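Just below is one structure, and these are the notes that go with it.
Residue numbers start from 1 in every chain, and the chains themselves are labelled A, B, ... in the order their sequence lines are given, proteins ahead of strands. In this text the structure is predicted, and so the values were computed from the model without any measurement.
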Amino acid sequence: MSRINKNVILALLTLTSSAFLLFQLYYYKHYLSAKNGAGLSKSKGSRIGFDGTQWRTVKKFIMLTSSQNVPVFLIDPLILELINKNFEQVKNASHGSASECKFFCVPRDFTAFALQYHLWKNEESWFRIAENMGFQCLKFESKDPRLDGIDSLSGTEIPLHYICTLASHAVHLVVFHERSGNYLWHGHLRLKGHIDRKFVPFRKLQFGRYPGAFDRPELQQVTIDGLEVLIPKDPMHFLEEIPHSRFIECRYKEARAFFQQYLDDNTVEAMAFRKSAKELLQLAAKTLKKLGVRFWLSSGTCLGWYRQCGIIPYSKDVDLGIFIQDYKSDIISAFQDAGLPLKHKFGKVEDSLELSFQGKDDVKLDIFFFYEETDYMWNGGTQAKTGKKFKYLFPKFTLCWTEFVDMKVRVPCETIEYIEANYGKTWKVPVRTWDWKRSPHNVQPNGVWPISEWDEVIQLY
Amino acid sequence: MDDWKPSALIKPFGARKKRSWYLTWKYKLTNQRALRRFCQTGAVLFLLVTVIVNIKLILDTRRAISEANEDPEPEKDYDEALGRLESPRRRGSGPRRVLDVEVYSSRSKVYVAVDGTTVLEDEAREQGRGIHVIVLNQATGHVMAKRVFDTYSPHEDEAMVLFLNMVAPGRVLICTIKDEGSFHLKDTAKALLRSLGSQAGPALGWRDTWAFVGRKGGPVLGEKHSKSPALSSWGDPVLLKTDVPLSSAEEAECHWADTELNRRRHRFCSKVEGYGSVCSCKDPTPIEFSPDPLPDNKVFNVPVAVIAGNRPNYLYRMLRSLLSAQGVSPQMITVFIDGYYEEPMDVVALFGLRGIQHTPISIKNARVSQHYKASLTATFNLFPEAKFAVVLEEDLDIAVDFFSFLSQSIHLLEEDDSLYCISAWNDQGYEHTAEDPALLYRVETMPGLGWVLRKSLYKEELEPKWPTPEKLWDWDMWMRMPEQRRGRECIIPDISRSYHFGIVGLNMNGYFHEAYFKKHKFNTVPGVQLRNVDSLKKEAYEVEVHRLLSEAEVLDHSKNPCEDSFLPDTEGHTYVAFIRMEKDDDFTTWTQLAKCLHIWDLDVRGNHRGLWRLFRKRNHFLVNEEATINHPNFLGATPKGGGSPRSCRTDMRPPPGPCRAGPGSESNLFIDCPEGLGNRRKPVGP
């Protein structure tokens with residue numbers, strides 16, 4: 001009898017457990033499908049890649065930031081590129097409809113996010129909670145460049161970058177700071193002595209090699225791979241900015257030293273000129289930006305920026321440079337519409353083009369067009385009376401952003417070479433009398449315009 | 001769960017059925033042991049599988065839940081992070097457990113050395129008179145506070161009592177006298193010294209020298225005293241050398257709950273002393289205030305610049321009131337400290353604010369002026385989007401409705417070009433001359449003391465021509481100059497939204513403060529709704545002023561305006577008095593009147609085109625220059641030349657000095673008003 005009982009119990013147990021097992025299998029399936037949205041992903045195969053560490057890390061990071069009300073936005077060039085390609089699809093996608101992890105599961109070392117610092121209310125506690133959740137974070141700080149322009153101020157350091165790793169994937173949080181001139185700035189990610197150089201492969205970082213400047217992006221919320229993230233409203237524009245975002249700071253310390261040696265001119269006339277030159281530059285920058293034409297500070301304006309972080313009061317004009325390949329035929333009319341009539345036009349698009357516009361209060365805006373040769377760049381000059389041509393040679397240069405009189409403008413990154421080509425090694429010494437045909441170090445005679453062309457290449461208004 | 005029920009029903013039924021099926025089998029296979037074994041093993045295996053699947057299910061569900069749940073689960077890393085944060089905390093103080101302290105007191109020099117390091121040395125002439133007090137941390141020996149109380153002068157002993165009472169028990173106190181420290185050392189202070197265990201302290205006399213080392217609430221560690229032999233001479237210099245045993249770090253520190261705020265508090269309290277209950281172990285004062293948010297706050301994103309020097313106690317009081325004001329946004333506050341002073345920076349860090357230090361350039365007034373310029377430039381650099389900045393100083397209390405006041409009025413600064421600033425301070429708003437919290441004025445003078453600056457004004461006009469360091473100008477005087485102000489006016493409230501409590505300062509001392517600042521009225525009512533804000537605009541205000549003047553009852557000018565009876569004992573009336581002004585900038589009469597009204601009389605403040613508005617005995621009291629009554633809009637005006645050539649005015653010019661009592665004094669102080677004006681309204685009251 002005891003044996004029978006044993007067997008009976010065994011069989012009963014088996015039965016119950018199999019019934020239980022069936023129920024569990026059913027329930028498990030039900031649970032999974034509920035999680036992925038109704039009626040979707042009945043089979044496991046449709047959730048490709050969602051188990052990847054990258055997706056998981058990004059998901060945790062987004063959870064962390066949204067729970068703390070930290071408005072981070074995605075700036076990862078790789079992912080933005082993908083999003084940009086499938087923009088329509090991304091915009092129309094609603095929450096949870098992703099069946100395949102397309103964006104966040106692309107193999108890579110980092111995912112880059114950005115944050116506007118002034119919107120970050122609880123930095124300290126955020127950091128702790130991140131570590132709490134298992135993130136290992138590195139924080140990169142530096143002094144505030146916005147205080148550099150002011151004599152003798154020293155503030156608390158500001159955060160520039162955070163790198164947080166979780167399960168072998170890293171999130172790079174770039175901290176953007178607001179600067180005068182309505183743009184966002186991020187700092188240089190400098191590895192100081194005590195930092196573990198093997199924490200992440202720093203060389204592969206997309207941001208932080210140099211400081212950078214960006215237009216303040218408008219943001220929009222999208223759902224990517226089932227995650228709600230903010231991205232720039234115009235990902236294309238942001239992507240285009242990245243390769244040219246390098247920013248250089250004005251040399252405030254040297255400028256102060258300059259003013260200790262050569263006192264600043266604070267006469268009423270000097271202040272008035274600075275004011276109108278600033279307004280003219282602002283107007284020119286606005287007009288050219290609307291046209292989508294790149295420009296940089298050239299000649300005296302560039303020297304003023306580099307040497308004294310300001311406008312040289314006796315320079316009497318504003319000088320800009322533009323690459324001839326960026327030339328647009330409607331530049332003249334656009335300036336005229338902005339209230340800057342053409343004063344003279346020298347040369348032609350093919351050769352030595354130079355435009356001059358008349359600003360308010362007798363301040364002139366000179367635009368020099370730069371031509372590129374294999375190993376140098378040059379711009380041309382023309383003497384109206386004689387038709388003589390001049391050529392100003394510059395070593396090749398690239399363009400960087402900087403801040404000048406509360407504006408974000410470009411200057412040659414290789415500024416010192418550019419300035420020394422133009423003004424020689426003694427550029428530090430103010431020179432008040434300047435002859436554009438003889439004084440520059442890099443001027444060369446370049447023949448004479450044929451008289452038949454004078455009507456075209458020498459236009460005075 | 002619906003699915004579970006049917007299976008629960010099926011099971012017993014199935015089992016019963018299976019039982020009969022099993023019985024037939026049993027007889028067939030009784031002897032087939034192998035088969036039975038096989039069945040059993042199979043069943044066991046099946047059970048095992050079930051268990052494994054179960055476990056997996058449980059694990060999966062858990063993971064899914066933990067992912068969905070946003071609450072972070074505490075993990076190992078958390079503790080590590082904690083440990084790292086706390087590492088800068090000083091633990092113990094090495095093997096050395098005794099400090100060797102030297103204290104010197106004499107007529108012309110005091111010094112204190114701790115373990116051979118001089119922590120105080122003062123031999124400057126005509127400075128540093130009184131009792132010098134130093135507080136040491138009993139565990140580390142670090143100097144936590146250094147003060148001097150000039151107890152030769154009145155009220156300084158009260159400050160000393162206040163300070164000593166705030167020092168936490170157990171701290172090491174060091175006192176030493178330079179020159180004279182007993183003349184105004186009152187009984188309360190002496191009693192406190194006695195309670196500290198001092199023998200000589202309570203008996204200190206004229207020009208005695210005295211050095212004292214003791215533990216607060218604990219034993220006296222050393223004391224020396226030398227009596228002055230005669231009125232004209234000082235006591236002999238005394239030098240006290242003593243050993244101070246250090247206590248353990250645990251004793252010296254409080255054990256507050258481990259929160260972000262308490263970490264800040266801990267850092268602060270282990271460094272400095274003299275801030276009272278903020279460092280109390282048992283029941284510390286909060287350092288985070290959650291004032292009610294302001295609905296529709298228009299100044300939430302306006303940066304606030306706090307201009308500070310080395311008055312950390314003031315800064316502490318100021319920041320407390322600022323952070324308690326409704327609608328404050330702490331992340332917009334920046335404290336600019338003039339000089340590399342640590343303690344003000346510690347105060348800033350205690351409240352979790354941003355602090356910026358400024359290397360001192362230039363001297364005295366010019367230094368303040370340069371500090372202002374750097375601070376304002378930095379503010380607009382740090383907040384490039386801001387159109388305005390609120391400028392505050394470290395010796396101000398901020399009213400609870402300070403931001404509410406600004407939020408309601410800031411649009412004026414945007415819309416009205418004839419405005420120079422909005423200020424929270426009414427120069428003439430004393431306890432006896434301000435009444436209406438909802439009332440605003442336009443004034444030609446810039447009061448400062450809590451004001452709003454327009455960015456365009458600063459960037460385009462002020463910054464480029466700000467006085468250079470070699471010009472020893474006061475920044476505020478400079479801003480009041482006509483070249484800068486250019487006829488623009490400031491908006492002020494009748495009752496000030498800031499209170500100037502600073503007694504020590506560059507242009508400030510106790511007597512001056514008592515006379516001009518102590519009795520200033522300060523609004524304490526939250527959420528005051530300002531009245532007719534738009535009537536403060538340029539044209540609207542003129543209309544308003546004319547309405548007021550035309551409705552005002554003209555006071556009896558034969559009475560002495562210095563007398564209380566100059567105004568009838570009424571409530572809610574508007575009265576006007578006229579004064580003589582030869583030119584627009586002739587304020588001689590006004591100054592005389594201001595003097596006897598006990599309001600600001602050091603220069604002209606609070607005027608708007610020859611009109612001053614105050615309150616007296618709950619009546620609105622206007623003081624106007626006589627010319628205005630000829631204004632065509634002024635209904636009661638008498639045509640000029642008709643009556644008396646000096647129609648109606650209070651001319652107080654001839655008698656310099658205090659006002660004389662009573663009407664009919666020999667000077668032509670008061671001149672009868674022409675009939676038409678004087679009798680336009682019947683005098684009210686008895």
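Considering OG of B:S375 and CG of A:L153, their distance stands at 6.5 Å, rounded to 0.5 Å. For the atom pair CZ of B:F383 and CZ of A:R146, the computed distance is 8.0 Å after rounding to the nearest 0.5 Å. One distance of note links CD of B:E260 with OG of A:S125; it measures 6.0 Å at 0.5 Å rounding.
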(request) With side-chain contact (heavy atoms from CB on, under 4.5 Å) as the test, would you mind laying out the steps for A:H118 and B:Q331 before giving the verdict? (result) CA-CA 8 Å; A:H118 71 282; B:Q331 67 274 10; over 6 Å; no

(message) Pair A:D406, B:K459 - check side-chain contact (heavy atoms from CB on, under 4.5 Å), show working.
(response) CA-CA 10 Å; A:D406 298 332; B:K459 281 281 164 190; 4.2 Å; yes

(message) salt bridge (Lys or Arg N to Asp or Glu O under 4.0 Å), that's the test. Do B:E460 and A:K278 meet it? Break it down for me.
(response) CA-CA 11 Å; B:E460 285 159 29; A:K278 180 181 170 180; over 6 Å; no

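For the set B:K465, B:M332, B:K373, B:E385, the entry with the most heavy-atom pairs within less than 4.5 Å of chain A is B:E385. When each of A:I158, A:N182, A:N266, A:L64 is scored by its heavy-atom pairs under 4.5 Å with chain B, the top score falls to A:N182.
Side chain of B:N381 to backbone of A:L147: no donor-acceptor contact under 3.5 angstrom is found.
For A:E249, the salt bridge (Lys or Arg N to Asp or Glu O under 4.0 Å) partners at least two apart in sequence or on another chain are A:R179.
Counted within 6.0 Å of CD on B:E483, heavy atoms from surrounding residues, nucleotides or ligands total more than 12; the atom is thus considered enclosed. Other residues, nucleotides and ligands contribute more than 12 heavy atoms inside 6.0 Å of the OH atom of B:Y340.
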